[in-house]
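Remember, it's 1-based here, ligands and their atoms both numbered in the order they're listed.
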Amino acid sequence: MVLGYRTKSESVHLDFGAWYHSGLELYDKLRAQGKDHEEALDLVVAGALEWTWIRDVEKAGPWTTDNSNKTRETLIRTLIWYIDHFKDDPAQTVILADGKPAVELSFKLELDWGPGSKMTHLDNGKPTEVLPSRSMQPYILCGHLDRVVNFTGGTYVMDRKTSSSTIASNYFDQYDPDNQMSLYTLAAKVIYQTPVKGVIIDAAQIAVGFSRFSRGFTHRTDAQIEEWLTDCKSWFALAEQYATAGYYPMNDKSCHKYGGCPFRKVCSKDPAVRQKFLESDFYQKQWNPLVPR
Ligand code: SF4
């Protein structure tokens with residue numbers, strides 16, 4: 001993250017994900033503007049065809065990939081099938097005070113503590129108080145909400161995921177506890193000053209011959225969000241310690257989790273040759289999360 005290294009195969013997933021979200025954002029906005037289902041769907045398909053037509057002089061033509069699950073065809077098919085699947089969805093987009101639909105919202109939350117803050121600890125080690133120093137630069141929590149919806153009398157963030165694996169009954173367990181979903185719940189609560197129950201996760205399994213959809217829920221109470229923020233203080237203090245020392249120790253209990261870290265073939269090499277492997281299999285592109293999408 002510090003140096004911005006990414007795997008070369010990652011760009012297919014990033015492009016596919018960006019267009020998938022753009023298509024659903026367009027549909028939600030058109031429906032909120034009063035367009036009917038068919039009209040909005042036609043415009044989404046037209047948009048997706050346009051976005052995936054590459055206009056570079058050297059490789060002009062339809063977007064092509066070497067990933068059989070993520071192609072121009074599976075993208076457009078998944079958009080059409082998702083939109084048809086949730087055509088009569090009881091989850092309705094929240095309309096903001098300015099009349100705009102709550103779709104694709106970038107957020108930034110400034111905390112009242114940051115690097116240089118001092119923490120006091122009770123006997124159990126839990127950080128309990130933060131004393132800002134004069135030079136404190138507050139941390140900013142930032143991110144992006146796909147959509148905020150009203151669903152059966154409650155307000156939820158909606159997050160859309162894509163996966164090439166089967167979405168089994170325990171798929172949604174991975175989101176509780178989960179850092180991203182806790183942050184999204186907090187952000188929506190702060191921004192809308194309204195009780196938010198948690199996150200609705202719409203997962204799309206995308207295979208060569210089919211796309212399948214499942215919906216799951218993850219809930220957070222106020223006390224859980226409070227606890228999550230307290231824990232952030234501990235993790236950020238640790239990150240500050242590594243940044244100040246300029247040394248990031250290997251977290252080698254995490255290398256094989258979540259399908260395997262893509263940097264394993266670098267970290268498993270002798271330190272003297274790692275840079276060579278980084279340069280041959282990865283590229284650098286800094287990601288600035290403060291830039292709104
Ligand atoms: S391979 Fe392991 S040690 Fe290396 S970056 Fe990934 S998780 Fe960390």
Within 6.0 Å of CD in Q180, more than 12 heavy atoms from elsewhere: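 Yes - once you tally the heavy atoms of other residues, nucleotides and ligands closer than 6.0 Å, there are more than 12.
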
Passes side chain to side chain donor-acceptor pair (under 3.5 Å), Y175 versus D159? Steps please. CA-CA 11 Å; Y175 297 113; D159 197 55; over 6 Å; no

Using a side-chain heavy atom cutoff under 4.5 Å and only I, L, V, M, F, W and Y, what cluster partners does M1 have?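 Its cluster mates, by chain and number, are W287.
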
Quick one: sort the F151 and F217 rings into parallel, tilted or perpendicular, breaks at 30° and 60°.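 Geometry flag for F217 against F151: tilted rings.
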
Between R160 and T162: side-chain donor-acceptor atoms closer than 3.5 Å: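 No, because no side-chain N or O of R160 sits under 3.5 Å from a partner of the opposite role on T162.
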
What I want to check is whether the side chains of D88 and H37 have a donor and an acceptor closer together than 3.5 Å.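 Distance-only check fails for D88 and H37.
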
Take atom 2 (Fe) of ligand 1 and tell me which protein N, O or S atoms are nearer than 2.8 Å.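 Atoms qualifying: C255 SG.
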
